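None of the values given here were measured: they were computed from a predicted structure.
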Amino acid sequence: MEAGTTPPPEEAGEGYTGAAVAGAVLATLAFPFISLIAALLLQGNETDPHKKAQLRTWAWASGAWMAFGLVLVLIAVGAFAHSGAGSVDHSGPCQGGPETGATGKAVPGHPNKFVFPCVFGGTETTTFPTH
């Protein structure tokens with residue numbers, strides 16, 4: 001082949017080796033943002049079309065993996081916010097028994113009846129005997 005000529009398509013580069021691809025996959029799973037930047041930087045300087053295509057795929061995979069992680073975070077935040085962030089609904093029947101050490105609220109008009117909050121929700125109304 002003469003100097004300065006473009007190699008025929010069958011002599012063009014074969015792309016990255018299996019070890020390099022495995023490293024890219026591991027880097028994408030562990031550090032997707034850094035992998036995206038690396039893939040884009042390497043793609044800009046690459047002349048081999050096979051390697052350029054592989055780097056483009058690597059960039060897309062890194063971006064997709066980051067988007068997947070973002071979706072998981074949004075689902076977790078939504079589930080946590082929807083659950084009331086640990087708040088207990090004290091309306092309804094008592095669940096889990098009265099909270100230990102809780103102060104009862106007196107029922108108006110009934111000097112010996114008190115309402116206590118329960119551990120897992122609801123309330124318990126207790127009547128204390130008068131002496």
Start with the C-alpha gap between L70 and L74, add the side-chain angles, then the distance that decides, and say whether side chain to side chain contact (heavy atoms under 4.5 Å, CB included) holds. CA-CA 6 Å; L70 178 65; L74 291 176; 4.2 Å; yes
Ignoring hydrogens and angles, tell me if any N or O in the side chain of W65 forms a donor-acceptor pair with the backbone of L29 under 3.5 Å. yes
In the single-linkage hydrophobic clustering (I, L, V, M, F, W, Y; side-chain heavy atoms under 4.5 Å), do L42 and I34 co-cluster?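 Unlinked, L42 and I34 end up in two clusters.
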Linking I/L/V/M/F/W/Y whenever any side-chain heavy atoms sit under 4.5 Å apart, do F31 and V25 land together? no
side-chain hydrogen bond (donor to acceptor under 3.5 Å, both in side chains) pairs, two or more places apart, involving residues 110-120: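 Pairs touching residues 110-120 that pass the test: none.
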Using the side-chain hydrogen bond (donor to acceptor under 3.5 Å, both in side chains) rule, collect all pairs that involve residues 30-47, keeping only residues at least two apart or in two chains. Y16-E46
What pair of heavy atoms forms the shortest contact from [X] to [Y], and how long is it?
X    : Y    : value
T123 : C118 : C-SG, 3.7 Å
F120 : G96  : CD1-CA, 3.6 Å
P111 : G109 : CD-O, 3.8 Å
A24  : W58  : O-NE1, 3.3 Å

Counterpart residues, side-chain hydrogen bond (donor to acceptor under 3.5 Å, both in side chains), relative to Q95 (two or more places apart): none
Taking only residues two or more places apart in sequence or in another chain, which ones pass side-chain hydrogen bond (donor to acceptor under 3.5 Å, both in side chains) with S62?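 side-chain hydrogen bond (donor to acceptor under 3.5 Å, both in side chains) list for S62, sorted by chain: T28.
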Supply the members, apart from F116, of the Ile/Leu/Val/Met/Phe/Trp/Tyr cluster built from side-chain contacts under 4.5 Å; use none for a lone residue.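 F116 shares its hydrophobic cluster with F114, F128.
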Considering only Ile, Leu, Val, Met, Phe, Trp and Tyr, and joining two whenever side-chain heavy atoms are under 4.5 Å apart, list the other residues clustered with M66.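 F33, L36, I37, L40, L41, all in the cluster of M66.
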Test item: W60 and T57 side chains (from C-beta on) under 4.5 Å apart, heavy atoms: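 No; the side chains remain at least 4.5 Å from each other.
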Below 4.5 Å, heavy atoms only, C-beta onward: do V115 and E124 meet side chain to side chain? no
